[in-house]
There are 2 protein chains.
Amino acid sequence: MTTTAQDLSTPEAALPRLPAHEVIYRQLRDLVLFGDLAPGEAVTIQGLSERLGAGMTPVREALRRLIAEGALVFQGNRRVSVPLLSADNISELILARQWVDPHLALRATERARLSDLNQLRALDDELDVAIARGDLRAYLELNYRFHKRLYEIAEAPILARMADGLWLRFGPSLRVVCGRMGTQNLPDKHKAMLEAMQARDSEAAARAIREDVIQGMEQVRQSLEQSGALC
Amino acid sequence: MTTTAQDLSTPEAALPRLPAHEVIYRQLRDLVLFGDLAPGEAVTIQGLSERLGAGMTPVREALRRLIAEGALVFQGNRRVSVPLLSADNISELILARQWVDPHLALRATERARLSDLNQLRALDDELDVAIARGDLRAYLELNYRFHKRLYEIAEAPILARMADGLWLRFGPSLRVVCGRMGTQNLPDKHKAMLEAMQARDSEAAARAIREDVIQGMEQVRQSLEQSGALC
DNA sequence: TGCCCCAGAATATGATCAAATTATTTCCTG
DNA sequence: CAGGAAATAATTTGATCATATTCTGGGGCA
């Protein structure tokens with residue numbers, strides 16, 4: 001009854017009410033990208049419902065979303081699971097990222113403000129710390145956020161969503177590979193990219209990202225090829 | 001272990017019961033691509049629930065899926081609508097299709113069997129009939145099915161879904177443009193593409209599709225640019 | 001013009017029905 | 001008599017609906 005005037009006094013809590021299905025979606029997304037949800041592992045709606053402490057309906061909606069984005073697949077009749085990537089799938093992903101990521105990097109370089117560059121640099125610094133600590137989870141999350149931030153700076157929402165969708169597909173496999181190899185042997189081209197961006201050399205930035213993508217994806221391909229036959 | 005022999009005897013009638021949310025999804029999808037759901041037009045869940053004669057839950061799930069695919073947007077807090085494309089959006093779509101469509105055409109040419117070619121030719125023939133008849137709805141649907149079939153032949157599921165997602169985004173605008181111009185002035189490069197495929201000249205096929213894409217998309221851009229300011 | 005209240009829409013829960021998978025039992029064969 | 005396969009029973013899971021609750025937007029009143 002008390003029409004509580006919206007409490008705007010807390011500037012940090014700008015998210016007064018987030019729908020449950022949205023919350024569930026983000027939790028599941030993080031679970032797929034960074035969490036313990038391994039490729040091939042099957043989950044049930046009711047299982048997730050209990051695990052996340054929510055009703056079935058929000059879980060169902062979140063699942064529909066993730067399935068539509070390719071992060072999950074309808075495993076046969078009764079289960080959803082993180083998809084296992086075939087060699088052909090990996091080739092497709094490499095091909096697609098090899099095009100879209102450099103393009104976004106190019107646009108981002110043209111549009112980046114100083115604050116954007118600083119944010120990227122800060123993320124990359126945190127990333128180095130995570131690598132040094134051997135913190136796999138933090139590495140995965142920061143690496144993702146680095147690229148995601150780059151997509152946002154490019155101001156190309158449709159291409160950014162395409163790139164984001166691709167990430168959702170290979171993220172789980174990347175996690176598996178990194179878990180096997182440890183965080184030490186994970187070189188990236190972020191430094192070269194940042195330098196190119198600072199120099200406003202879009203072509204060089206695109207080239208650096210392209211190398212970064214190829215390097216990472218080829219690692220995934222090789223690791224999956226030699227280890228899991230059916231992966 | 002023992003592969004329980006599932007009934008594979010009837011490959012055609014394998015869909016005795018389709019979930020309601022799946023049916024709703026397809027209906028809504030067709031409504032967006034070929035139907036009367038115009039860009040900018042807002043719909044409500046309850047409205048769709050009555051219009052399609054289904055409960056709210058399946059409608060909600062279908063909407064989540066379409067929103068995730070970019071076919072619909074969350075208009076503010078209360079409504080969903082077909083998104084209006086900005087000039088920048090169109091540029092992104094052209095850019096993306098210019099890459100992905102030719103690539104799929106190339107792969108399709110390498111893999112196409114004779115039956116595939118015949119199917120494509122049949123679709124294109126029907127398309128000509130639809131144009132001659134001035135049947136806009138049939139034109140839109142056949143044109144889509146022609147390209148979609150091409151995607152399938154390429155046997156690259158991830159790239160195909162990307163291309164399909166792009167179609168969902170510009171389809172509504174294409175419909176508006178074609179509605180304005182009539183079906184007579186809608187040239188395509190399908191004939192050239194089919195010839196190239198038959199000759200197994202993948203590069204030529206890719207080139208033809210690229211021209212087809214550019215031609216169509218530029219028409220959309222120009223039409224929206226000159227007519228609707230905010231489109 | 002500004003504020004408050006109300007109608008309506010969206011979100012979320014729980015229950016119910018149907019389908020499927022799993023476990024158990026029984027029967028047949030070697 | 002023992003082992004296994006097929007059939008059936010039981011539990012689990014998914015799909016849908018009806019309903020309660022919350023929130024937004026608009027209209028009426030001061």
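Everything numeric here is computed off the predicted structure, so don't read it as measured data. Protein chains get the first letters and strands the later ones, always in sequence-line order, with residue 1 at the start of each.
In this structure, D116(A) does not pair ionically with R121(A), as no charged nitrogen and carboxylate oxygen lie closer than 4.0 Å. Salt-bridge annotation for D164(B) and R29(B): present, with a side-chain N of the basic residue lying under 4.0 Å from a carboxylate O of the acidic one. Note on E110(A) versus R107(A): no salt bridge recorded, every NZ/NE/NH1/NH2 to OD/OE distance being 4.0 Å or above.
Rounded to a whole Å, the CD1 atom of I45(A) is 19 Å from the P atom of dA18(C). Note: CZ (R79(B)) to C1' (dG26(D)) measures 12 Å, nearest angstrom. The distance between atom CZ of F74(B) and atom P of dT11(C), rounded to the nearest whole Å, is 5 Å. Atom CD of E22(B) and atom P of dT16(D) are 10 Å apart (whole Å). L52(A) has its CG atom 16 Å from the C1' atom of dT13(C), to the nearest Å. Rounded to whole angstrom, the span from the CD atom of Q75(B) across to the P atom of dA10(C) amounts to 13 Å. Rounded to whole Å, the distance from CG on L48(A) to P on dT13(D) is 11 Å. The distance from atom CD1 of I24(A) to atom P of dA12(C) is 9 Å, rounded to the nearest whole Å.
For S49(B), the side-chain hydrogen bond (donor to acceptor under 3.5 Å, both in side chains) test picks out no residue, with sequence neighbours left out. By the ring pair (Phe, Tyr, Trp, His ring centres under 6.0 Å) test, Y139(B) is found to be paired with no residue, residues two or more places apart in sequence or in another chain being considered. Under the rule for a side-chain hydrogen bond (donor to acceptor under 3.5 Å, both in side chains), the partners of E152(A) that lie at least two apart in sequence or sit in another chain are R149(A).
Closest-nucleotide positions on DNA chain C for P58(A) and R78(B) were compared, and the one nearer the 5' end corresponds to R78(B).
Sequence neighbours left out, the pairs with a member in residues 59-75 of chain B that pass side-chain hydrogen bond (donor to acceptor under 3.5 Å, both in side chains) are H21(A)-R64(B), R60(A)-E61(B), E61(A)-R60(B), E61(A)-R64(B), R64(A)-E61(B), E22(B)-R65(B), Y25(B)-E69(B), Q75(B)-S81(B).
Here the nucleotide nearest the side chain of A20(A), chosen from dT13(D), dA9(C), dA12(C), is dA12(C).
For the 3.5 Å distance criterion, the side chains of R79(A) and T44(A) fail to qualify, holding no donor opposite an acceptor.
Non-hydrogen atoms lying under 4.0 Å from DNA chain D are contributed by nothing in residues 60-73 of chain B.
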Pull out every protein N or O sitting under 3.5 Å from an N or O of nucleotides 14-16 of chain C, one pair per line with the distance.
none

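The two atoms that bring S223(B) and R180(B) nearest to each other are OG-NH1, 2.9 Å, heavy atoms only.
For Q46(A) and dG14(D), a side-chain-to-base donor-acceptor distance below 3.5 Å is present, hydrogens and geometry of angles not being considered.
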